[in-house]
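Take a look at the structure below.
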Amino acid sequence: MPLFALVDGNSFYASCERAFRPDLIGRPIVVLSNNDGCVVARSAEAKALGIKGFVPFFEIRDMCERHGVAVFSSNYALYGDMSKRMMVVIGGWGIEQEVYSVDESFITLDGIPNLKDYATRLRADVLQRVGIPTCVGIGTTKTLAKLANHVGKKFPKAEGVFSWDWLTADWQDKLMARIEVGDVWGIGRRISEKLGTMGIHTALDLQRSDPREIKRSFNVVVERTVAELNGVNCLALEDVSPDKQQIIASRSFAELVGDFDTLASAISHHACRAAEKLRQQNSAARMVGVSICTNPFRERDSQYTGWIVIPLVHPSADSAVITHAALAGLRAIYRKGYRYKKAGVILTEIGPQGLEQRDLFVPLPDPRRAKVMAVMDRVNAEFGRGTLRLASEQLQRGWAMRQEQRSPRWTTHWEEIITVR
DNA sequence: TCTGGGGTCCTAGGACCC
DNA sequence: TCTGGGGTCCTAGGACCC
């Protein structure tokens, strides 16, 4: 019987901020999405104040001021670096490891004795070496490990560590009956609602449901979730992350944008970011999608969504080629007179570099281009993103995002590095 | 005034083929 | 009178995740 543990960082982004600001210990913290739009992370103290996840910040701004909540813009350079460090430490405690998201990792623990002690030492190790508090959930399937992690978080008595094995079958049922079905991994809002009409309200109800009926009413994914709740392994540990099949780079603007040049500079920037991600996984894309849209929340504004896909003659990972295609797409979909909120580039039909089908009648791209890209990536890796970039990114910079409360990039920028007195 | 930015997988239905 | 059936591929849309 395999044994999985899910280890995740508590209120990860908020904990990253606190790791460098001991004065924030015990204080409520919220971290905002790009453009300071929504709340994406809350410390336990902030949750206790009743701040919900994903609410628009403007709705709670006053309340935050009244209660002295520390508010941060998202600082992905910091969170990404902290995540890497945390994953390395967690990986050292597992037999195999899957990095599932920025703040979650599955590890396998088959054959390790005295797991309660082991998991407790794991938590202490991560806290000491990275400064991030974590929870550990253990189960015989990934879904059960996820749910155990939920228990470890929700019930203070667990002290951040929980395994289903530690309870008798009777107590396991009692606990499952106290968990809402929507808290099970893979059961979202829509499926919860429908399950509710079928009389299935708790994790226990779902575990005991008829898989054939579930398959009929939903699909195989939900059927697998039921099996996993019953200890039948359907989801394997993915220790190597597969290449992305699509790459998106998009952003909302801090202020609405009407003119073509500003949009073009944003699209150029996103195209370059997307191409960079593509090169990181040694892939090339055949299709370049471009989208622009107005702000749907402003109901009295006239609305428009433009969307187009431009095929490339050769699959490419060249920033200039992809940007050129994206700008051609933008010219095709741009309509004057609208005020745009968001623009993005999507790369699809992605495959490994160098395995492209060749076209007899079209000359091959210049092989020296790949070297130019490699140099650009190396320079940008060493001296910071954007050190070398295409001129078209610089036409207008009137689209930058709002980041009013970003903390220093403590661990990745020399000029912002922490000083200890 | 102010509302994120990524991803994946599955299904149904239509086009098309033999 | 009677008008097949099996298969693949593609796309759009819907659901989920963090």
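Within every chain, numbering begins at 1; the chains are lettered A, B, ... in the order of the sequence lines, protein sequences first and strands thereafter. The model shown is predicted, which means the values in this text are computed figures rather than measured ones.
- Within the 4.5 Å cutoff, no side-chain heavy atoms of Leu175(A) are placed close to those of Asp173(A).
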Using residues 76-88 of chain A as the side-chain source, report each donor-acceptor pair under 3.5 Å to any protein atom, sequence neighbours left out, with the distance given to one decimal.
unit_1, atom_1, unit_2, atom_2, d
Tyr79(A), OH, Glu17(A), OE2, 2.6
Tyr79(A), OH, Asn75(A), N, 3.4
Asp81(A), OD2, Arg85(A), NE, 2.8
Asp81(A), OD2, Arg85(A), NH2, 3.0
Asp81(A), OD2, Thr411(A), OG1, 2.6
Ser83(A), OG, Val102(A), O, 2.6

If you look only at distance, which donor and acceptor atoms sit under 3.5 Å apart when one is on a side chain in residues 134-141 of chain A and the other is two or more places apart or in another chain?
unit_1, atom_1, unit_2, atom_2, d
Thr141(A), OG1, Leu144(A), N, 3.1
Thr141(A), OG1, Glu228(A), O, 3.0

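- Here dT3(B) presents its P atom at 12 Å from CD of Gln303(A), a figure rounded to the nearest Å.
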Give every donor-acceptor pair under 3.5 Å between a side-chain atom in residues 322-334 of chain A and any protein atom, sequence neighbours left out.
unit_1, atom_1, unit_2, atom_2, d
Thr323(A), OG1, Ser319(A), O, 2.6
Tyr334(A), OH, Gly258(A), O, 2.7

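- The stretch residues 201-228 of chain A touches DNA chain B through Asn219(A), Val220(A), Val221(A), Arg224(A), each having a heavy atom within less than 4.0 Å of the strand.
- For Asp243(A) and Tyr76(A), each mapped to the nucleotide of DNA chain B holding its nearest heavy atom, the one lying further toward the 5' end belongs to Tyr76(A).
- Between Lys146(A) and Thr143(A) there is no side-chain heavy-atom pair separated by less than 4.5 Å.
- Taken together, the paired segments of DNA chain C that extend over three or more consecutive Watson-Crick or G-U pairs, each closer than 3.5 Å at both contacts, are B:5-18 with C:5-18.
- Within the structure, the salt bridge (charged side-chain N to carboxylate O under 4.0 Å, His left out) test picks out the following pairs touching residues 180-190 of chain A (sequence neighbours left out): Arg189(A)-Glu193(A).
- For Gln281(A) and dG6(B), the CD to P distance is 15 Å, given to the nearest whole Å.
- Put simply, Arg298(A) has no side-chain N or O that comes within less than 4.0 Å of OP1 or OP2 on dT3(B).
- Proximity of residues 335-344 of chain A to DNA chain B (heavy atom under 4.0 angstrom from any strand atom) is restricted to Lys341(A), Lys342(A).
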Margin query: Walk along nucleotides 7-18 of chain C from 5' to 3' and tag each nucleotide B, S or - by protein heavy-atom contact under 4.0 Å, base first, then sugar-phosphate.
Written below: --------SSSS
Item checked: side chain to side chain contact (heavy atoms under 4.5 Å, CB included) between Ile179(A) and Thr202(A), intermediate numbers included -> CA-CA 6 Å; Ile179(A) 300 172; Thr202(A) 67; over 6 Å; no
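- The pair Glu223(A)-Arg212(A) does not count as a salt bridge, with every side-chain nitrogen at least 4.0 angstrom from each carboxylate oxygen.
- For Lys47(A), the side chain to side chain contact (heavy atoms under 4.5 Å, CB included) partners at least two apart in sequence or on another chain are Ser11(A), Arg42(A).
- If you take CZ of Phe297(A) and C1' of dT3(B), they are 4 Å apart, rounded to a whole angstrom.
- A side chain to side chain contact (heavy atoms under 4.5 Å, CB included) with Thr108(A) is found for exactly one of Leu3(A), Leu237(A), Asp239(A), namely Leu237(A).
- For the side chain to side chain contact (heavy atoms under 4.5 Å, CB included) test, residues two or more places apart in sequence or in another chain that qualify with Thr305(A) are Cys293(A).
- Taking the ring-ring contact (aromatic ring centres under 6.0 Å, His included) definition, one finds that Trp185(A) meets it with Tyr100(A), Phe106(A), sequence neighbours left out.
- Regarding Arg61(A), its CZ atom lies at a distance of 9 Å from the C1' atom of dT1(B), rounded to whole Å.
- Here Gln245(A) lies in heavy-atom contact (under 4.0 Å) with sugar-phosphate atoms only.
- Scanning for side-chain hydrogen bond (donor to acceptor under 3.5 Å, both in side chains) contacts around Arg369(A) gives Asp318(A), with sequence neighbours left out.
- Close to dG6(B), at under 4.0 Å from its OP1 or OP2, lies a side-chain N or O of Arg251(A).
- The nearest whole Å value for the distance from the CG atom in Leu256(A) to the C1' atom in dT3(B) is 12 Å.
- Taking 4.0 Å as the cut-off between side-chain N and carboxylate O, Asp62(A) and Arg66(A) do not count as a salt-bridged pair.
- Per the geometry, CG belonging to Asp301(A) stands 12 Å off C1' belonging to dT1(B), to the nearest Å.
- At dT3(B), none of the side-chain N or O atoms of Ser33(A) fall inside 4.0 Å of OP1 or OP2 (strictly under the cut-off).
- In this structure, Glu299(A) places its CD atom 12 Å from P of dC2(B), rounding to the nearest Å.
- Taking the C1' atom of each, dC2(B) and dC18(C) are spaced 24 Å apart, rounded to whole Å.
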